[in-house]
Participant: 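Please find one structure pasted underneath; my questions will follow.
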Amino acid sequence: MDIEKIRDDFPILKREVSGRPLIYLDNAATSQTPRCVVNHIADTYYRVNANVHRGVHTLSQEATDAHEAARRRVQQFIGAASPSEIIFTRGTTEAINLVASSFGDEFLHDGDEVILTVMEHHADIVPWQLLQRRRKIKLRVVPINERGELQLDVYKQLFNERTRLVGVAQVSNVLGTINPVREMIAYAHSQGVPVLVDGAQAIPHLRVNVQDLDADFYAFSAHKIYGPTGIGILYGKEKWLDAMPPYQGGGEMIAHVDFSGTTFGELPFKFEAGTPDYVGTAAFASALDYVDSIGLEAIAAHENELMRYTTAQMEQIEGMRIFGTSPHKSSVISFLVDGIHHYDMGMLLDKLGVAVRTGHHCAQPLMTSLGIEGTVRVSFAMYNTRAEADAFIAALHRVVKMFR
Ligand SMILES: *Cc1c(COP(=O)(O)O)cnc(C)c1O
């Protein structure tokens, strides 16, 4: 991997913050976008722009071809059986809301139960709570151990005859823990229960094959894997998607509309009401091409090396607490230093040019279970360097010194 060449593909990495070179370590919140993706967006607007699916004219056909090719590109990237199992959404959040709303309406009844984990992002908690306004469903929560790993014995005990779905993040956005979702899915299936995987943090770092995992639903966002904002993917097994009612109504999702009744379109269009972001979907396909041209395995190895190198140096700092110490961990480090509020730490690091995330990371139940209000989180991407890790550590020492 030629990091300097990769960095050249990301113009934003050349900018300065507070008069210092930007060190961007907030990749778990959003990754930066390579030039080829931005150019793809511009090129579509300059050359092809036309609404998809309903036009006979050339531009509309070209735009439709690019949009549907993007769907097949995503299908191939995650190993789905068919392009009709790939639903374009606005992001992971909308993908999970779609399942909670549509699967929930069809398959969840008063008294039914959904198993979640304590490390879920709010995107995999609040949609189920919204459903609770319509259905008296019960949420059961898998706890973690002191390393930040799910307690699988408790997980298995949570199943009963009312369990209808499991929702689990493949990788925690706070702890970095890589959950054994394949085994969790196999167990859920042995109990006749389908599983929704929140793949937002997994997809940029792990090779995912939804058929190998045997996931029933898999959700992720383009903007966390070098793609544009506003594009997400919901993968769903055809047998579920076929059985689920539409999520929103409008154009694109119908077969025939009559005031006496409407018939809905085929998959995947049944779940894609209105004009899709065909500019974004096509650009997303180019982001996946970019990732594959470098190689996800090489990217992950590089990020893991940075994570372990940085962790080892952080551990030398007195009063350092790192949250998430599983050996099965992705390139995220959440921490607190005794006596320094996470918000102060984030602001002072920013003054030194280092962008990190602070706060509850949309995982307040996890914060509560850890007995804290928030953490500072650094997260790595393919373009981060060892020199940046060193600069971050130096900045961290400077901040700590201010408080001692
Ligand atoms: C970022 C994230 C989400 C939400 O993604 P959006 O792009 O904001 O919809 C959900 N789950 C996890 C684990 C995340 O990291």
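Atoms within each ligand, like the ligands themselves, are counted from 1 in listed order. Quick note: residue numbers are just sequence positions, from 1.
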Participant: If we only count N/O pairs under 3.5 Å, is Asn173 in contact with ligand 1?
Facilitator: no

Participant: Quick one: which ligand 1 atoms are inside 4.0 Å of a heavy atom on Thr92?
Facilitator: 4 (C), 5 (O), 9 (O), 10 (C)

Participant: So how far is it from Thr89 OG1 to Phe220 CZ, rounded to the nearest 0.5 Å?
Facilitator: 9.0 Å

Participant: Should Glu94 be listed as contacting ligand 1, given a heavy-atom distance under 4.0 Å as the test?
Facilitator: no

Participant: Under the criterion salt bridge (Lys or Arg N to Asp or Glu O under 4.0 Å), I'd like the reasoning laid out for Asp110 against Arg135: C-alpha separation, chi angles, the key distance, then a yes or no.
Facilitator: CA-CA 5 Å; Asp110 289 355; Arg135 301 285 157 84; 5.3 Å; no

Participant: Once you restrict to heavy atoms under 4.0 Å, what part of Arg90 touches ligand 1? Side chain, backbone, both or neither.
Facilitator: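 Neither part.
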
Participant: Would you say Thr93 and ligand 1 have an N/O pair spaced under 3.5 Å apart?
Facilitator: yes

Participant: Pull out every atom of ligand 1 sitting under 4.0 Å from any heavy atom of Gln201, numbered as shown with elements.
Facilitator: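 Checking each atom against Gln201, I get 13 (C), 14 (C), 15 (O).
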
Participant: Could you check atom 13 (C) of ligand 1 against the protein and tell me its nearest heavy-atom contact, residue, atom and distance included?
Facilitator: Asp198 OD2, 3.4 Å

Participant: If you count the non-hydrogen atoms of other residues, nucleotides and ligands that lie under 6.0 Å from CD in Glu297, is the total more than 12?
Facilitator: yes

Participant: Would a distance-only check, ignoring hydrogens and angles, find a side-chain to backbone donor-acceptor pair under 3.5 Å from Arg162 to Phe159?
Facilitator: no

Participant: Short list, please: which atoms of ligand 1 are under 4.0 Å from a heavy atom of Ser221?
Facilitator: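 Per the distance check, 5 (O), 6 (P), 7 (O), 9 (O).
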
Participant: Do me a favour and list the nearest non-hydrogen protein atom to atom 2 (C) of ligand 1 with residue, atom name and distance?
Facilitator: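 Here the closest protein heavy atom is Lys224 NZ, 2.4 Å.
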
Participant: Look at Arg386 together with Glu305 and state whether they make a salt bridge at an N to O cut-off of under 4.0 Å.
Facilitator: yes

Participant: Quick check: Phe10 with Tyr24 (ring centres under 6.0 Å apart)?
Facilitator: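 They do not qualify: ring centres at least 6.0 Å apart.
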
Participant: Less than 4.0 Å is my threshold; does some heavy atom of Glu120 fall inside it relative to ligand 1?
Facilitator: no

Participant: Are any side-chain N or O atoms of Asp198 and backbone N or O atoms of Glu120, one a donor and one an acceptor, separated by less than 3.5 Å?
Facilitator: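 Answer holds: no.
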
Participant: Applying salt bridge (Lys or Arg N to Asp or Glu O under 4.0 Å), run through Arg182 and Asp212 and close with a yes or a no.
Facilitator: CA-CA 8 Å; Arg182 199 163 177 276; Asp212 177 58; 3.3 Å; yes

Participant: Using a heavy-atom cut-off of under 4.0 Å, does the side chain or the backbone of Ala169 touch ligand 1, or both, or neither?
Facilitator: neither

